[in-house]
Amino acid sequence: MAAVQGMKSLLRGRERLSMISEFWTFGLERSGGSAVDYLHLLIELGFRLSWMDDRTKRLVPAVADELLRTYPPQEDTYTNLFCTKVGTIRDASSILNGYRLTDPVPRWLYVAQEPCTQWSNPVTFGLTGPGFGDVWKSVQFAHYVRRTQKIAVRLYARWHGWPGEDFSARPLVDRVELAREIEEVLDVSSPLEIVTGIPLEEVTCLLGRWPMHFPQVPTRVRWRGWAHGLHRRLAYQLDGRWAAGDKNPPPEDVQRLLGWAPGFELVRFGEPLSVRECVEAAAQSDLFFGVDSGMLQLCYAVGVPVFLIGYRMSHLVLFAWHGDRHAVHCTDTADFLAKARLFLGLFDEPTC
């Protein structure tokens, strides 16, 4: 890691470059480094990362969760990362902090950088993904740029796939209605202009430079606190779609998660509830508990206490994604139950 940091200027200045880097999380941690920081550094320098999957013997795109799960810092194992630059990725200080939808960019969403002052005016942002959380964060970030940069911001609310090989000239998913539904619950003076019928060359894609950490707009309806006692209501979501095998609870834990607080109403977030219904339910709940999902983002904006259960997801990645939010991080079901019961003062009641 130190060697790459020492060559940052050289590596950043080369538009076409390939290299192989050992990814030894055990050694990085022992030497005072961080595997997550190293991955972020490589992506910041504009590299597309791949690694050899020993099970399939194929070169696959590097995904942080999978890498850190397969090569955890506690175990003395390693792999090699294949790092390539294809000539379209440049330093964010020299161009817009974003990419056109047709540009091939790394499939990595969470390099935290503040938006630069070089956005065009007006600027049209594309979605960071097709899911609820992706649309939520895209709307939030558009408002953040409009508020801080004092420029006109539009949102292109159709999903064309990941830039690069998965890109489709025709929209794969239409998220216009969802974007408008999110707009209606946010506490903003005026909504974004949501557009569809514009050339894709005018759409700026945030993938590859996506800033995860920025002040989000609160919802119009906010958490009501406990001025009049407990609400006796718990909101939850335990069925995340992306990386479901890693983030969701084991099937045998579900009943424990749904029965730990006798006398409390349980409200499951997600379909068929509307965005407004989820916001209103969160505002009148004692807490929200669940896995990494878009509903966590919604609850951050509402202000309700949030308990994030990690399960098999890397705690390093979860802290990188949620470290500046007000979530209580829990490793598994038992850890969550102990912390949540203590939080609500239910330690004298029987455990399910």
Side-chain angles (χ1 to χ4, degrees), residues 131-133 135-136 178 181-182 184-186 216 218-313 315 318 321-322 325-352:
F132 174 86
V135 181
W136 178 275
L178 176 57
E181 197 176 352
I182 291 172
E184 290 176 357
V185 303
L186 296 181
Q216 295 200 19
T219 52
R220 296 181 187 275
V221 177
R222 299 282 289 163
W223 183 56
R224 299 180 181 179
W226 296 303
H228 302 289
L230 292 176
H231 301 281
R232 312 295 293 186
R233 170 186 286 172
L234 307 173
Y236 73 95
Q237 186 183 33
L238 302 170
D239 54 349
R241 296 181 180 178
W242 178 79
D246 293 326
K247 69 169 56 174
N248 293 340
E252 61 271 19
D253 283 11
V254 173
Q255 288 304 314
R256 294 174 63 200
L257 290 164
L258 299 182
W260 63 275
F264 282 70
E265 175 190 2
L266 287 174
V267 180
R268 177 186 173 276
F269 277 15
E271 297 177 348
L273 295 183
S274 67
V275 176
R276 182 177 298 278
E277 288 171 329
C278 289
V279 167
E280 293 174 349
Q284 300 181 65
S285 296
D286 294 302
L287 59 85
F288 170 88
F289 68 94
V291 298
D292 175 55
S293 67
M295 286 301 159
L296 279 175
Q297 305 295 330
L298 179 147
C299 287
Y300 292 150
V302 175
V304 62
V306 171
F307 284 72
L308 168 58
I309 314 175
Y311 293 111
R312 291 164 297 280
M313 292 191 71
H315 70 280
L318 289 176
W321 292 357
H322 301 274
R325 306 302 185 196
H326 65 262
V328 177
H329 289 248
C330 309
T331 57
D332 54 22
T333 298
D335 188 34
F336 160 70
L337 294 178
K339 291 176 178 176
R341 290 174 63 81
L342 183 63
F343 180 77
L344 293 180
L346 304 181
F347 37 83
D348 293 329
E349 297 185 17
T351 303
C352 295

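Numbers here simply count residues along the sequence, with the first being 1.
Contact check for R233 versus F264: no side-chain heavy atoms found under the 4.5 Å cut-off.
Scanning for side-chain contact (heavy atoms from CB on, under 4.5 Å) contacts around V221 gives V279, A283, with sequence neighbours left out. Under the rule for a salt bridge (charged side-chain N to carboxylate O under 4.0 Å, His left out), E252 has no partner lying at least two apart in sequence or in another chain. Here E277 pairs with S274 under the side chain to side chain donor-acceptor pair (under 3.5 Å) rule; sequence neighbours left out. The salt bridge (charged side-chain N to carboxylate O under 4.0 Å, His left out) search around D332 returns none, not counting sequence neighbours.
For the pair S285 and A281, the tightest heavy-atom approach, listed with the atom from each and the gap, is OG-O, 2.6 Å. Counting all heavy atoms, side chain and backbone alike, Y300 lies closest to A327 at OH-CB, 3.5 Å.
Of the inter-residue distances, the one linking W136 atom CH2 with Q216 atom CD reads 7.5 Å to the nearest 0.5 angstrom. Atom CZ of F288 and atom CZ of F269 lie 6.5 Å apart (nearest 0.5 Å). For the atom pair W223 CH2 and C299 SG, the distance stands at 12.0 Å (nearest 0.5 Å). Separation of atoms CG (L258) and CG (L238) is listed at 6.5 Å; rounding is to 0.5 Å. One finds the CD atom of Q284 at 15.5 Å from the CZ atom of R232 (value rounded to the nearest 0.5 Å). Taking CG of L298 as the start and CZ of F132 as the end, the distance is 5.0 Å to the nearest 0.5 Å.
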Identify all side-chain donor-acceptor contacts of residues 302-311 below 3.5 Å with residues at least two apart in sequence or on another chain.
unit_1, atom_1, unit_2, atom_2, d
Y311, OH, T333, OG1, 2.7

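Annotation: salt bridge (charged side-chain N to carboxylate O under 4.0 Å, His left out) contacts involving residues 281-300, sequence neighbours excluded, comprise K247-D292.
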Evaluate L344 against L234 for side-chain contact (heavy atoms from CB on, under 4.5 Å), listing each step before the verdict. CA-CA 11 Å; L344 293 180; L234 307 173; 3.9 Å; yes
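Between the side chain of R341 and the backbone N or O of L346 there is at least one donor-acceptor pair closer than 3.5 Å. Panel note: side chain D246, backbone R312; no donor-acceptor pair is recorded below 3.5 Å.
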